[in-house]
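Report on the following structure.
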Protein chains: 2
Amino acid sequence: MIGKNKHISRIVDSFLQKGIKLTHQRKVIAQVITDASDHPDANEVFMRANKIDNRISLATVYRTIKLFEENKVLNRIELGGKKARYEELTDSHHDHLIDIDTGDIIEFVDDEIEELQKKVAKKLGYSLVDHKMELFGKKIKTN
Amino acid sequence: MIGKNKHISRIVDSFLQKGIKLTHQRKVIAQVITDASDHPDANEVFMRANKIDNRISLATVYRTIKLFEENKVLNRIELGGKKARYEELTDSHHDHLIDIDTGDIIEFVDDEIEELQKKVAKKLGYSLVDHKMELFGKKIKTN
DNA sequence: TTTCCTGCAAAGGGTTTGCACGTGT
DNA sequence: ACACGTGCAAACCCTTTGCAGGAAA
């Protein structure tokens, strides 16, 4: 049985509308991603999905992740290394601050920066379609 | 014979100081990177270096690129795909605007954004060590 | 000469894909 | 029933590495 059905319905609805088949595997993977508060990589998604239901292969995880990306329910983040990590795509855009000591990822939104980005793009003769911003920082000691 | 010796001397000097051997291969690769105004990937660097001198292998290009990165003369850029691309590291930091239609990369500097980034990091309890920002845009038609 | 560097080819890690079988609608 | 999705294993792409020969200091 799949939990959190209310939350998942966003993905389900969007798929039904487009006539994409809702397989068992896709539901489980959707749940895993919806439940994840960290930013798992493909293999991590695979392991979590597999724990719920062992009929799921890594290949399917990759295919499903790609499908989710194409349907804008999943966002890929590249963190310098060679593996991609993922997060559920929500309505509000946010960026990431990465703790260089621990690898923790903190999400934040800053409208001022977003405004400036649009302005910069415009100055260069472009209209901004998307952006990616990652800050890397060290925690300030508070003792 | 290696051209642009004046420009290259930055890398050469830095290597001599640290006692790193200045092999023929390294000089050629340094030249290729110094001369590149685009943002070549490892294989592209290899091909250009190889055209100048065919005694250079892809493995050496990778090893040299890593060496250059460690010595802060080269900067790695990750552009969503799986291959890394590179540019010579200069004193002034800049970010990239990518034309989503042509793949062109435009470099820009915006101090205001940099300031805001520091501020945002601080607000979250971090001191900013580095950042990565890429804007994706469509050219505004001017006809 | 000594130490470090190189080329080659093989291995590595993450991701994708061809194929025959299985499943949602 | 039909079209599409899946598991498996092999293939792929980019990058790294072990080794024996080669070059810089």
Side-chain angles (χ1 to χ4, degrees), chain A residues 2 8 11-30 32-33 39-47 49-71 73-86, chain B residues 2 8 11-30 32-33 39-71 74-86:
Chain A
I2 310 293
I8 275 192
I11 298 177
V12 170
D13 289 351
S14 124
F15 272 41
L16 288 175
Q17 276 174 31
K18 297 179 189 166
I20 297 172
K21 281 186 187 164
L22 265 175
T23 65
H24 181 77
Q25 287 87 334
R26 288 177 181 170
K27 284 183 203 158
V28 173
I29 293 168
V32 166
I33 286 163
H39 299 72
D41 59 31
N43 194 59
E44 186 61 38
V45 172
F46 165 64
M47 290 195 296
N50 217 256
K51 205 189 280 180
I52 296 171
D53 187 318
N54 64 352
R55 287 178 293 169
I56 295 174
S57 71
L58 183 54
T60 294
V61 169
Y62 273 107
R63 283 190 275 235
T64 304
I65 281 173
K66 183 185 269 182
L67 183 72
F68 284 2
E69 272 193 276
E70 287 163 359
N71 287 279
V73 295
L74 185 61
N75 195 27
R76 163 179 293 168
I77 331 169
E78 323 253 2
L79 296 176
K82 43 192 82 170
K83 31 185 180 188
R85 294 174 63 179
Y86 302 90
Chain B
I2 310 293
I8 276 193
I11 298 178
V12 171
D13 289 348
S14 124
F15 272 41
L16 288 175
Q17 276 173 34
K18 295 178 189 165
I20 297 171
K21 279 186 188 166
L22 266 175
T23 64
H24 181 77
Q25 286 87 334
R26 288 179 181 168
K27 284 183 203 161
V28 172
I29 294 168
V32 165
I33 287 163
H39 300 73
D41 61 29
N43 194 58
E44 187 60 38
V45 172
F46 165 64
M47 289 196 296
R48 293 180 197 177
N50 218 257
K51 203 189 281 179
I52 297 173
D53 187 318
N54 66 352
R55 287 177 292 169
I56 295 175
S57 72
L58 182 55
T60 294
V61 169
Y62 273 108
R63 283 190 277 235
T64 304
I65 281 173
K66 183 183 270 183
L67 183 72
F68 283 3
E69 271 193 276
E70 288 164 356
N71 287 279
L74 186 62
N75 195 28
R76 162 181 294 168
I77 333 169
E78 323 255 359
L79 296 177
K82 47 191 81 170
K83 23 184 185 189
R85 295 174 61 180
Y86 301 89

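Letters A, B, ... are given to chains in the order of the sequence lines, protein chains preceding strands, and every chain is numbered from 1. Since the structure is predicted, the reported quantities are computational estimates derived from the model, not experimental observations.
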Close side-chain approach of A:Arg26 to A:Ile20, heavy-atom, < 4.5 Å: yes

Taken to the nearest whole Å, CG/A:Asn71 to P/D:dG5 is 11 Å

How long is the line joining NZ of B:Lys66 and P of C:dC5, in whole Å? 13 Å

Separation of B:Asn43 atom CG from D:dC12 atom C1', in whole Å? 15 Å

Roughly how many Å is it from CG in B:Asp53 to C1' in C:dT6, rounded to a whole number? 12 Å

Between the CD1 atom in B:Ile52 and the CE atom in B:Met47, the distance rounded to the nearest 0.5 Å is 13.0 Å

Would you mind reading off the distance between A:Phe46 atom CZ and C:dG14 atom C1', rounded to a whole angstrom? 14 Å

Under 4.0 angstrom between B:Tyr62 side-chain N/O and D:dT16 OP1 or OP2: no

Indicate yes or no for a side-chain donor-acceptor contact from A:Asn71 to the backbone of A:Val73 under 3.5 Å, with no hydrogens or angles considered. no

So do B:Val45 and B:Thr64 actually touch side chain to side chain, heavy atoms under 4.5 Å? no

Test of understanding: with side-chain contact (heavy atoms from CB on, under 4.5 Å), list the residues that count as partners of B:Arg63, not counting sequence neighbours. B:Ala59, B:Thr60

Please classify the nucleic acid contact of B:Lys21 as base, sugar-phosphate, or nothing, using heavy-atom distances under 4.0 Å. base

Given DNA chain D, 5'-ward residue of the pair B:Leu58 and A:Gln25, judged by closest heavy atom: A:Gln25

Got a salt bridge between B:Glu44 and B:Arg48, using NZ or NE/NH1/NH2 to carboxylate O under 4.0 Å? yes

Distance in angstrom units between A:His24 NE2 and C:dG24 P, rounded: 9 Å

Could you list all N or O pairs between the protein and nucleotides 8-12 of chain C that sit under 3.5 Å apart?
none

Distance, rounded to the nearest Å, where B:Leu22 contributes CG and D:dA25 contributes C1': 11 Å

Whichever of A:Leu67 and B:Ala84 has its nearest DNA chain D nucleotide further upstream toward 5': A:Leu67

To the nearest 0.5 Å, atom CG of A:Leu74 lies from atom CD1 of A:Ile33 at 4.5 Å

OP1 or OP2 of D:dT6 sitting under 4.0 Å from any side-chain N/O of A:Thr23? yes

What is the separation between atom CD1 on A:Ile65 and atom C1' on D:dG5, rounded to the nearest whole Å? 16 Å

Among the nucleotides C:dC5, C:dT15, D:dT15, whichever has the atom closest to the side chain of B:Arg26 is C:dC5

